[in-house]
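To start, the structure under review is shown below, and the notes come after it.
In this chain, numbering begins with 1 at the start of the sequence shown. Counting starts at 1 for both ligands and their atoms, in listed order. From a predicted model like this one, the values you see are computed outputs, not experimental measurements.
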Amino acid sequence: MGLRISPSILSADFGHLVDECANVAPNADWLHVDIMDNHFVPNLTFGLPVVNALIGRVETPIDCHLMISDADRWAPGYAEAGAKSVTFHIEAANNPIQVAKDIRAAGARAGMAIKPGTKLEDYEDIFPHLDMVLIMTVEPGFGGQSFMSDQLPKVKRAREIIKNLDLDIWLQVDGGVSAQTIEACAQAGADTFVAGSAVYSTANPRKAIDDLRELAQSATDSSWWCAH
Ligand code: DX5
Ligand code: ZN
């Protein structure tokens with residue numbers, strides 16, 4: 001079972017962004033880039049120009065997490081820019097199936113993110129159009145928040161839907177993922193893990209990534225959902 005660790009550069013030093021990306025590149029599967037518009041979430045990061053700059057300078061595939069309103073209008077542009085995965089929030093999309101189609105048509109994997117307060121069951125019919133589902137394990141907007149363990153049943157439910165529909169979809173968790181919480185995420189069914197502060201706020205980010213992967217792998221090996 002392949003697992004993926006996607007360090008979030010939200011916790012990196014923005015004054016040395018390219019170096020910070022290069023530092024984790026040998027160990028990271030993806031680079032998680034959080035786009036915030038101070039409208040969908042109460043925080044502002046960066047947008048397409050910065051993503052463009054990173055894509056030209058960083059070899060690790062970019063995993064864009066769009067915490068922005070009007071995903072229908074803006075999401076495909078990130079795929080066109082060369083992000084290999086583009087995740088929009090279901091709460092910010094008018095026609096989510098069309099957004100997923102547009103992202104795929106522009107050459108990226110299409111992801112759908114869901115906030116802690118949003119019910120997953122209402123969106124099951126969108127799953128067949130997706131390459132990834134992101135279950136938020138904090139309220140989106142800021143790094144360094146505490147993991148919401150009450151979201152684990154939703155991760156489990158998402159894994160059940162993926163299994164029942166026999167889909168090839170990655171299941172990502174984002175928010176408060178650390179050495180203390182990643183095993184519970186893996187046991188619940190996650191296979192793709194975003195970690196910001198648990199990577200960048202340590203003395204050795206590359207080792208932190210490897211340690212997280214090892215914990216997730218051993219929890220997955222003994223989990224209910226992983227076919228042996
Ligand atoms: C929060 C972002 C996360 C954030 C995670 O809204 O989507 O990607 O960087 O940070 P940590 O891992 O520190 O919770
Ligand atoms: Zn994120």
Side-chain angles (χ1 to χ4, degrees), residues 3-14 17 20-21 24 27-47 50-51 54 60-69 71 74-75 78 83-92 103 108-118 131-152 154-155 170-186 190-203 205-206 208-209 211-213 215-216:
L3 298 179
R4 290 151 292 269
I5 308 289
S6 189
S8 168
I9 61 168
L10 187 62
S11 294
D13 177 353
F14 285 5
L17 208 43
E20 291 275 80
C21 293
V24 298
N27 304 59
D29 301 290
W30 290 77
L31 268 183
H32 186 84
V33 177
D34 289 300
I35 312 296
M36 304 187 192
D37 65 355
N38 201 25
H39 186 261
F40 180 72
V41 288
N43 195 7
L44 182 66
T45 53
F46 31 67
V50 172
V51 171
L54 289 178
T60 314
I62 303 278
D63 160 31
C64 271
H65 176 194
L66 305 182
M67 285 160 277
I68 58 175
S69 300
W74 301 110
Y78 288 85
K84 297 284 184 233
S85 176
V86 177
T87 298
F88 62 91
H89 265 269
I90 187 61
E91 303 87 356
I103 291 170
R109 297 175 58 87
M112 179 186 84
I114 183 158
K115 287 166 66 169
T118 305
D131 300 294
M132 186 165 81
V133 170
L134 163 53
I135 307 293
M136 290 302 299
T137 42
V138 296
E139 286 296 341
F142 298 91
Q145 301 183 78
S146 298
F147 181 77
M148 295 171 67
S149 54
D150 62 352
Q151 296 303 302
L152 286 170
K154 197 193 276 183
V155 176
W170 295 353
L171 182 52
Q172 188 175 62
V173 281
D174 180 9
V177 175
S178 68
Q180 286 71 46
T181 58
I182 196 167
E183 290 164 295
C185 295
D191 58 16
T192 307
F193 306 86
V194 177
S197 45
V199 169
Y200 276 107
S201 303
T202 61
R206 287 200 292 269
I209 293 169
D211 291 349
L212 288 171
R213 189 183 285 104
L215 286 169

Atom 10 (O) of ligand 1 sits nearest the protein heavy atom G143 CA, 3.5 Å
May I have the step-by-step check of side chain to side chain contact (heavy atoms under 4.5 Å, CB included) for Q172 and V194, ending in yes or no? CA-CA 7 Å; Q172 188 175 62; V194 177; 3.4 Å; yes
Would you say the side chains of S85 and R109 form a donor-acceptor pair under 3.5 Å? no
Note: A198 and A208 closest approach over all heavy atoms is O-CB, 3.5 Å
Near G144 (heavy-atom distance under 4.0 Å), the atoms of ligand 1 are 10 (O), 11 (P), 13 (O), 14 (O)
What verdict does the side chain to side chain contact (heavy atoms under 4.5 Å, CB included) test give for V33 and V50, after you've listed the backbone C-alpha separation in whole Å, the side-chain angles of each residue and the deciding distance to 0.1 Å?
CA-CA 10 Å; V33 177; V50 172; over 6 Å; no
Atoms of ligand 1 under 4.0 Å from any heavy atom of M67, numbered from 1 in the order shown, are 6 (O), 7 (O)
Judged by heavy atoms only, the candidate from S11, G141, A12, A113 nearest atom 6 (O) of ligand 1 is G141
Looking only at protein heavy atoms, what sits closest to atom 13 (O) of ligand 1 is S197 OG, 2.5 Å
Does R4 pair with D63 as a salt bridge, N-O distance under 4.0 Å? no
for atom 12 (O) of ligand 1, nearest protein heavy atom and its distance come out as G196 N, 2.8 Å
(message) Parallel, tilted or perpendicular: which one describes the rings of F40 and H89, with boundaries at 30° and 60°?
(response) tilted
Worksheet item: Got an N/O contact under 3.5 Å between G176 and ligand 1?
Response: yes
Of all heavy-atom pairs linking E91 and A113, the shortest is OE1-O, 3.9 Å
Inset, instruction - Step by step, work out the side chain to side chain contact (heavy atoms under 4.5 Å, CB included) result for V138 and F147. - result: CA-CA 6 Å; V138 296; F147 181 77; 5.7 Å; no
Just distances here: any N/O of V194 and N/O of ligand 1 closer than 3.5 Å? no
Residue pairs passing the side chain to side chain donor-acceptor pair (under 3.5 Å) test with at least one member in residues 134-151, sequence neighbours excluded, are Q151-K154
Could you tell me if D34 and T45 have a donor-acceptor pair between their side chains, going purely by distance under 3.5 Å? no
Note: S8, heavy atoms under 4.0 Å from ligand 1, region reported as side chain
Of all protein heavy atoms, the one nearest atom 1 (C) of ligand 1 is F142 O, 3.5 Å
**Message:** Counting neighbours of CH2 on W170 that are heavy atoms of other residues, nucleotides or ligands and sit closer than 6.0 Å, is the number greater than 12?
**Reply:** yes
among protein heavy atoms, the one nearest atom 5 (C) of ligand 1 is D174 OD1, 3.5 Å
Of all protein heavy atoms, the one nearest atom 2 (C) of ligand 1 is D34 OD1, 3.5 Å
Report task. Tell me, please: is A198 in heavy-atom contact with ligand 1, that is, under 4.0 Å? Result -> no
Q: Could you tell me whether the side chain of D191 and the main chain of L171 form a donor-acceptor pair under 3.5 Å?
A: yes
Listing protein N, O or S under 2.8 Å around the Zn ion (ligand 2) gives H32 NE2, D34 OD1, H65 ND1, D174 OD2
Do any N or O atoms from the side chain of D131 and from the backbone of A110 form a donor-acceptor pair under 3.5 angstrom?
-> yes
Within 4.0 Å of some non-hydrogen atom of G175, the atoms of ligand 1 are 14 (O)
